[in-house]
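A quick write-up on the structure given underneath.
Side chains included, hydrogens not; waters and symmetry mates left out as well; all remaining heavy atoms used. Note on naming: letters A, B, ... go to the chains in the order of the sequence lines (proteins, then strands), and numbering restarts at 1 for each one. Computed from a prediction, not measured in an experiment: that's the story for all the values here.
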2 protein chains.
Amino acid sequence: MGFLTCLVDALGSDIVTTDPALLEPWQSDWRGLYRGTAQALVRPRTTAEVSTCLRLCNAAQVPVVPRGGNTGLCGGATPESAAKAGAGGRQLSVILSLDRMNAVRGVDTIANVITAEAGCILADLQRIASEAERLLPLSLAAEGSCQLGGNLSTNAGGVNVVRYGMTRELVLGVEAVLPNGEIFEGLRTLRKDNTGYDLKQLLIGAEGTLGIITAASLRLYPRNGVRTVVLAAVEAPQQALDLYSLVFKRCGQRVQAFEYFTHACLELVLREVDGLRAPFSEAHDGYVLLELADTADEGALIALVEDVVGQALEDGLCRDAAMSTTLAQLAAFWRLREEISEAQKRDGPHLKHDVSVPIEALPAFLDAVGARLSHTVPDLRLFVFGHFGDGNLHYNVSRPAGAPSDFFTQAAPADSPADAATGSTNSTRPDSKGDLVTDAVLDEVARFNGSISAEHGIGQLKRSHFLRHKSALEQRLMRDIKTLFDPNGIMNPGKLL
Amino acid sequence: MGFLTCLVDALGSDIVTTDPALLEPWQSDWRGLYRGTAQALVRPRTTAEVSTCLRLCNAAQVPVVPRGGNTGLCGGATPESAAKAGAGGRQLSVILSLDRMNAVRGVDTIANVITAEAGCILADLQRIASEAERLLPLSLAAEGSCQLGGNLSTNAGGVNVVRYGMTRELVLGVEAVLPNGEIFEGLRTLRKDNTGYDLKQLLIGAEGTLGIITAASLRLYPRNGVRTVVLAAVEAPQQALDLYSLVFKRCGQRVQAFEYFTHACLELVLREVDGLRAPFSEAHDGYVLLELADTADEGALIALVEDVVGQALEDGLCRDAAMSTTLAQLAAFWRLREEISEAQKRDGPHLKHDVSVPIEALPAFLDAVGARLSHTVPDLRLFVFGHFGDGNLHYNVSRPAGAPSDFFTQAAPADSPADAATGSTNSTRPDSKGDLVTDAVLDEVARFNGSISAEHGIGQLKRSHFLRHKSALEQRLMRDIKTLFDPNGIMNPGKLL
């Protein structure tokens, strides 16, 4: 009996789809940048069905691509192309979607834990927590459609990391299926458990290369009853950094978000998105969006923020500041930051770089990359924004004004030798102008001891840069761990490692 | 050339000690419960010297026992006995003490990171952070002599976990030496870095079985300028739990500690330790010590705490409450909690159990263990205290009043069959009354989905219980990871796995 027949036999045709027409929408990522060919789509309803699927795939050495909400930016949930699979001696993949495993198994307001299956939409979990007067602090642009399993597998970040940490720091327990079908029963809710290696840490952020997370227990926090947002104009990144130091020291764990965007971002968002207004009459170099939140006592929070902003203005840590006085204004301030991605999309093709450097190095890093890019490819338009308080910037680059929309896919100039372009001796020659720019940005990141992927992960997009920048020892240990968990290499081949 | 000659040759006699008289004080743990025989003591000054030592030990298959401040409670840093090593086909160990690697490599008040070597004393690091107006929140009884490397290797907990998490959650980066001498250069300071498996998570809490941590970068928090402590009398654990819910919801991340102790603990501490006073005129079932802390604004903090305590009294969530009004009073309240261990030590031999259960299960768990122990061994004196807000209790047991000091080492009664005593089918017959008690406590912990070691680790002490309670799958994965990192099995044999 062939593999597909076995699979349908074991799981039923309601769960296994092989019709090419029905498979078609599942073969690519949401941005249409990656496209592959899977032989089947499996949509299990239970952990036992996930186990059955993996057991059969493992026995037949059929690759499995776990799929959450398909909101990733790195092609991590898209199957390989037939050509690539064939070249690697692999069969076509099975896409395993967790979307039907979307039960909330429990919300405990004494232990402050929510336990939910991998297919739950993040925004639904936020809402359920909020209805229980608790906060699930994970919050990111894709929250309306991304799924918990994907959040865990990519160790998602977002806007509240400065206060509550990455997804990893919210996870108390994990249930997962290993490649051979074994079920890892790690759905604990303990705050403290020092009994050997913390195995769940390997599954978190593994991008589906070690197994499939089917459910997780996450910490909840007290719901913040009061919030306030300040938009501060700064004359340079160094000023934003000084402002961060003051705010961190004085406001402590009330700092819910410390975001940053340049004036170029503001201009773009005002041009491309309707219904937004310039927050200041003058133009400034950049802007900090600071959110403070607390469980209670709006008066005390406002008094604190007024005092801190007053001190910042007096000490020259910002040039101007506006504080939200209504919820509508708070939302309007946030839209200036949150619509930047959409505005840039409307502006046309661009390069995204999700990088981090040690926080204190942000100003020097920004100077260095800007200077380098001005030589590498002149007249680029830089749109730099992100989670400044985490040292995490989205260093996005758009084509020069008036350049054709295929600008970044054009061949790199013949006089752009690999070494000069990248400062690295083991680099390959960049193929396109886009490669040239990305190599330059990521090499600067490495030079500042930063991360080439702060929160988006590696997937297919950054695999070559991962191989170039990660130390040989770490790569070897990761490959060894991969082999240990997945000796047949069925889990998400072509991603990450 | 023999192994020891090689070692002295490579590192020098200042670093390698083989004189039995000089080795003597290093052969046992501080409580004198564990004793072993090492053939040499190595006290390197640099990471390179640690690497040299491990490379030579690995080549000669000589076991290595990493040693920090020797404050552990589970025998994790004590060498095996000659008999045990011989029975396992192993040579005598080398103790590798990190005490000379005690440099602080940097304190960054912009990035809010301290980078320090493994041999630094925790209290020194706390002080250095405080002098820089920052908080290193890791705080535990042994802080005056425990070392950072040990804190990381055991994923230390302590009194502030309820707010800041375990040691693991404070670690941004780790430098370590692997068993073959390779140096893991992971001393990063990034808040966000999603580039593959988070390998440092394996080294944290591994109890020195995978390699030796030589330095780490830890997050710092804003220093809390204002603190207040409330001592609340409760009539039952359920009331303490209800109080916790209220406090969590209303005070959020100001909750610095939420500790608990029974009236038996209070009586003991008042009897055994001089200079302490009863906090209430009446006796109560138990007491909660609640600390709130914030960066600033003492008035707001006191107003909040008064309001919350008022509500707790009104809603019947505590029977009485006293609030610290001076620093001296705050310290006196803390001493009632912190001197319990010392008081119990003065009272004589006892059994320590460092366990956790899901927070909401604490009252039922306490009922169940109490009832069970009253049948298992009548008239035991129970001293239960600990980090209630983390679900973590030190469930300590002293001998019946008037019983001889060897009570717990006496043979278990002949009519205590293994199954009745433990409720488990794979248990071995308990040897002593102490084993009988410990089996009963830990089996109840397992029944409540708890952890048999919340913060102390496994070491030698809980190895048999670890093997009994940890799932077969998790044990197999841990052993496989151990083999991957340490194929010759030289790292801390006889501990944990």
Side-chain angles (χ1 to χ4, degrees), chain A residues 108 110-112 133 154-155 157 161 166 169 182 184-185 189-199 201-202 205-206 222 241 245 248-253 294-297 300 356 358-360 390-392 450-458 466 470-471 473-474 477-478 480-481 484 496, chain B residues 108 110-112 133 154-155 157 161 166 169 182 184-185 188-199 201-202 205-206 222 241 245 248-253 294-296 300 356 358-360 390-392 450-458 466 470-471 473-474 477-478 480-481 484 496:
Chain A
D108 187 328
I110 300 172
N112 297 296
E133 294 187 55
T154 58
N155 185 28
V161 172
M166 302 288 279
E169 291 164 74
E182 280 182 297
F184 178 86
E185 306 267 16
T189 61
L190 301 171
R191 253 53 179 183
K192 289 180 164 179
D193 180 18
N194 275 346
T195 53
Y197 313 151
D198 193 356
L199 297 169
Q201 303 292 351
L202 287 175
L241 189 62
S245 283
F248 177 85
K249 191 173 148 185
R250 294 216 33 204
C251 305
Q253 285 172 298
D294 205 342
T295 44
D297 201 342
S356 72
I359 302 170
E360 73 279 14
D390 307 313
N392 174 202
S451 169
I452 60 161
S453 184
E455 56 177 16
H456 295 170
I458 302 296
F466 168 81
K470 204 76 178 177
S471 78
L473 173 59
E474 286 175 278
L477 288 171
M478 289 186 202
D480 287 349
I481 289 168
L484 190 162
L496 180 51
Chain B
D108 188 327
I110 300 172
N112 296 297
E133 292 186 56
T154 58
N155 185 27
V161 172
M166 302 287 278
E169 291 165 71
E182 280 182 297
F184 178 85
E185 306 267 16
R188 303 190 180 95
T189 61
L190 301 172
R191 252 55 177 181
K192 290 179 163 179
D193 179 20
N194 274 347
T195 53
Y197 313 150
D198 193 355
L199 298 169
Q201 303 292 352
L202 288 175
L241 189 61
S245 284
F248 177 84
K249 191 173 148 185
R250 294 215 37 204
C251 305
Q253 286 172 298
D294 205 342
T295 45
S356 72
I359 301 169
E360 73 280 14
D390 308 313
N392 174 200
S451 170
I452 60 161
S453 184
E455 55 177 17
H456 294 171
I458 302 296
F466 168 82
K470 204 78 180 174
S471 77
L473 173 58
E474 286 175 276
L477 288 171
M478 288 186 203
D480 287 350
I481 288 168
L484 190 162
L496 179 53

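At a threshold of 4.5 Å between non-hydrogen side-chain atoms, the residues B:Met166 and A:Asn194 count as touching. Using a 4.5 Å heavy-atom cutoff, the side chains of B:Ile481 and A:Leu202 are in contact. Proximity of B:Arg191 to A:Val161: side-chain heavy atoms (C-beta onward) are nowhere separated by under 4.5 Å.
With a threshold of 4.5 angstrom between heavy atoms, A:Tyr197 approaches chain B through its backbone and through its side chain. Residue contact with chain B, scored on non-hydrogen atoms closer than 4.5 Å, is absent for A:Asp297. For B:Phe248, the parts lying near chain A are the backbone and the side chain together; criterion is any non-hydrogen pair under 4.5 Å. Looking at A:Ile458, both its backbone and its side chain come within 4.5 Å of chain B, counting heavy atoms on both sides. Residue contact with chain A, scored on non-hydrogen atoms closer than 4.5 Å, is absent for B:Ser471. Contact of B:Asp193 with chain A is made through backbone and side chain together, with heavy-atom distances under 4.5 Å.
Looking at B:Lys192, its side chain never comes within 3.5 Å of a backbone N or O of A:Asp390 through a donor-acceptor pair. In this structure, the side chain of A:Thr295 engages the main chain of B:Arg250 through a donor-acceptor pair within 3.5 Å.
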Evaluate B:Glu474 against A:Leu199 for side-chain contact (heavy atoms from CB on, under 4.5 Å), listing each step before the verdict.
CA-CA 8 Å; B:Glu474 286 175 276; A:Leu199 297 169; 3.9 Å; yes

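Per-residue counts of heavy-atom pairs under 4.5 Å with chain B were compared for A:Glu133, A:Gln253, A:Gln201; the largest is that of A:Gln253. Between chain A and the options B:Leu473, B:Ile359, B:Thr195, the largest number of non-hydrogen pairs under 4.5 Å is found for B:Thr195. Your options are A:Leu241, A:Thr189, A:Asn392, A:Ile452, and the one with the most heavy-atom pairs under 4.5 Å with chain B is A:Asn392.
Put simply, CG on B:Leu484 and CG on A:Leu477 are 7.0 Å apart, with the number rounded to the nearest 0.5 Å. Atom OG in B:Ser356 sits 4.0 Å away from atom CG in A:Leu190 (nearest 0.5 Å).
In this structure, A:Gly196 and B:Leu496 approach most closely via the heavy-atom pair CA-CD1, 3.6 Å. Between A:Pro222 and B:Gly252, the shortest heavy-atom distance links the atoms CG-CA, 3.5 Å.
The number of heavy-atom neighbours closer than 6.0 Å to NZ of B:Lys249, taken from other residues, nucleotides and ligands shown, is 12 or below.
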